> 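Below is a structure I'd like to ask you about.
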Amino acid sequence: MFFKKPTLEKLVRFRRPEFQEKLVRARRFARKSEPVPESLGPRFLKAIGLGKTWVRLLLAAILLTALYFLLVSKVFLVTDALILSGGPSQDELQNALSKLSRERVYLVPKNHLLIFNKTRALAALRADFPEIRSIESFQRIFPNKAILAITERRPQYIWKTGQDYFYLDQDGVAFQNIASFNAASQTEPVISDETASKVSLGLPFKARALFGFADNLRRVWPQQIFSTGFSEFSLAGVASTELKVKTTAGFVVYFDLGRDAEIQIKNLAYLLNSGIKPETIGGL
């Protein structure tokens with residue numbers, strides 16, 4: 001093959017510094033590869049401000065600290081509480097609240113200051129002290145204290161079932177067993193359950209109509225009937241629609257719980273006052 005010899009002019013041009021620099025740049029040239037697109041994870045972390053490693057480490061430390069104080073530490077568990085008046089003793093109160101540490105909401109103890117509230121406090125107290133009716137005021141104090149003002153149940157009736165007697169409050173809730181019942185020393189009327197059903201302390205009876213009727217009867221009877229009083233109530237279970245009222249004269253009156261108490265008592269008063277002679281009432 002025939003090669004043409006380079007001329008002197010070309011040789012001079014090839015040796016110029018400018019040309020040599022171009023050769024050097026040409027030797028160093030490397031085609032840049034296409035940039036690899038960033039994955040969704042790193043882009044998302046950058047978007048929320050967690051693109052840097054030290055930021056992620058700081059956030060992890062904060063989360064671990066929060067989990068420790070929520071799930072492990074006892075620093076913020078409310079076990080020290082104060083009732084402003086009445087109710088259980090300080091030791092009894094603390095024991096009741098400490099039981100909440102064994103119950104959890106999403107792994108957080110129920111007596112943790114963050115989620116401890118009036119509702120949970122009332123449930124914990126009622127479990128041990130059914131005589132507590134409600135919490136009137138509730139205040140949390142950092143880091144692990146609470147101040148409560150409670151309302152206690154007032155006995156309105158005495159519930160008799162079998163050989164057992166219980167106090168019933170204004171809401172129809174059995175809240176205390178009467179260990180030694182003495183009729184002479186009790187001022188509350190007795191309601192006898194003829195079916196001798198079991199009673200659960202702290203739970204309301206499913207007989208709201210009964211207690212409303214009995215309240216009205218106690219209010220209206222002294223205003224309408226003067227020849228005799230009432231001494232005891234009885235019914236065939238909490239689902240009964242009939243209330244038996246034993247009078248101090250000895251006879252028993254049957255009332256329909258589905259009808260107005262005042263109307264029935266006025267009818268009874270009319271019967272006793274106009275249709276029955278006073279001397280015969282004791283023999284009814």
Side-chain angles (χ1 to χ4, degrees), residues 21 24-153 169 171 173 175 200-204:
E21 288 179 7
V24 170
R25 288 199 298 268
R27 292 191 190 101
R28 293 175 179 172
F29 175 78
R31 184 179 297 276
K32 293 182 179 179
S33 58
E34 292 292 330
V36 178
E38 197 172 31
S39 62
L40 181 61
R43 279 188 290 157
F44 175 75
L45 290 176
K46 285 183 179 180
I48 62 174
L50 298 177
K52 296 181 179 180
T53 303
W54 72 267
V55 176
R56 294 196 294 270
L57 291 175
L58 178 61
L59 179 62
I62 294 173
L63 290 176
L64 288 175
T65 302
L67 288 175
Y68 172 76
F69 282 109
L70 282 174
L71 308 180
V72 180
S73 175
K74 296 182 180 180
V75 172
F76 299 108
L77 298 186
V78 178
T79 56
D80 186 5
L82 172 66
I83 292 181
L84 296 179
S85 62
S89 68
Q90 190 72 16
D91 290 340
E92 291 173 331
L93 178 61
Q94 290 181 358
N95 288 336
L97 295 179
S98 64
K99 292 178 183 178
L100 287 179
S101 62
R102 297 191 288 271
E103 302 176 21
R104 296 179 176 258
V105 179
Y106 299 110
L107 302 179
V108 181
K110 285 186 176 181
N111 63 334
H112 194 286
L113 189 72
L114 185 66
I115 63 171
F116 185 63
N117 55 27
K118 185 176 178 179
T119 301
R120 292 194 172 97
L122 181 59
L125 292 177
R126 278 183 174 176
D128 286 357
F129 314 104
E131 66 272 19
I132 294 178
R133 184 189 185 198
S134 62
I135 295 178
E136 295 302 313
S137 66
F138 175 85
Q139 180 183 3
R140 291 176 297 182
I141 300 176
F142 185 86
N144 60 357
K145 296 182 180 180
I147 297 178
L148 315 173
I150 64 170
T151 299
E152 296 185 275
R153 302 186 188 278
D169 77 338
D171 301 319
V173 174
F175 66 93
S200 297
L201 291 179
L203 297 179

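In this text the structure is predicted, and so the values were computed from the model without any measurement.
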> Just verifying a value: how many Å separate Lys110 NZ and Thr119 OG1, rounded to the nearest 0.5 Å?
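Separation between the atoms: 11.0 Å.
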
> In sequence, state the C-alpha distance, the side-chain angles, and the governing distance for Asp80 and Gln90, and then conclude on side-chain contact (heavy atoms from CB on, under 4.5 Å).
CA-CA 8 Å; Asp80 186 5; Gln90 190 72 16; 3.5 Å; yes

> Which heavy-atom pair separates Ala124 from Leu97 by the least distance, and what is that distance?
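In this case the closest contact between Ala124 and Leu97 is CB-CD2, 4.4 Å.
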
> Can you check whether Leu93 reaches Ile83 side chain to side chain, under 4.5 Å on heavy atoms?
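When only atoms from C-beta onward are counted, Ile83 and Leu93 do touch, with a gap below 4.5 Å.
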
> If we only count heavy atoms from C-beta on, is the Ile115 to Tyr106 side-chain gap below 4.5 Å?
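They are not in side-chain contact.
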
> For the pair Asp171 and Arg153, evaluate side-chain contact (heavy atoms from CB on, under 4.5 Å) and give the outcome as yes or no after the intermediate values.
CA-CA 9 Å; Asp171 301 319; Arg153 302 186 188 278; 3.9 Å; yes

> For the pair Arg140 (side chain) and Leu113 (backbone), establish whether a donor and an acceptor sit closer than 3.5 Å, ignoring hydrogens and angles.
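Checked: pair present.
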
> Atom CD1 in Ile150, atom OG in Ser134: separation rounded to 0.5 Å?
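It is 8.5 Å, given to the nearest 0.5 Å.
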
> Just how far is it from atom CG of Leu148 to atom NZ of Lys118, taken to the nearest 0.5 Å?
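Between atom CG of Leu148 and atom NZ of Lys118 there are 10.0 Å.
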
> Quick one: are His112 and Val105 in side-chain contact, heavy atoms under 4.5 Å?
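The answer is no, as the side chains (C-beta and beyond) never meet within the 4.5 Å cut-off.
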
> Report yes if the side chains of Ile147 and Lys145 come closer than 4.5 Å at any heavy-atom pair, otherwise no.
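Result no, sub-4.5 Å side-chain heavy-atom pair not found.
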
> Return the minimal non-hydrogen interatomic distance between Ile132 and Pro88, and the atom names on each side.
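That closest heavy-atom pairing would be CD1-CD, 3.9 Å.
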
> Give the minimum heavy-atom separation between Asn117 and Arg120, together with the two atoms involved.
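Shortest heavy-atom contact: OD1-N, 2.9 Å.
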
> Measure the shortest side-chain to side-chain distance between Ile135 and Leu125 over non-hydrogen atoms and say whether it is less than 4.5 angstrom.
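The answer is yes; the side chains approach within 4.5 Å.
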
> Does some side-chain heavy atom of Leu77 sit less than 4.5 Å from a side-chain heavy atom of Asn144?
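A side-chain contact under 4.5 Å is absent here.
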
> Shortest non-hydrogen contact from Leu201 to Pro130?
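Distance-wise, the nearest heavy atoms are CB-CG, 4.1 Å.
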
> Looking at side-chain heavy atoms only, is the closest gap between Arg133 and Val173 below 4.5 Å?
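Result no, sub-4.5 Å side-chain heavy-atom pair not found.
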
> Aromatic ring centroids of Phe175 and Phe129 under 6.0 Å?
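No, they do not, as the ring centres are separated by 6.0 Å or more.
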
> Got a second to check how far Leu58's CG is from Leu63's CG, nearest 0.5 Å?
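CG of Leu63 is found 9.5 Å from CG of Leu58.
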
> Quick one: pull up NZ in Lys99 and OG1 in Thr79 and give me the separation to the nearest 0.5 Å.
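Rounded to the nearest 0.5 Å, the NZ-OG1 separation comes out at 14.0 Å.
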
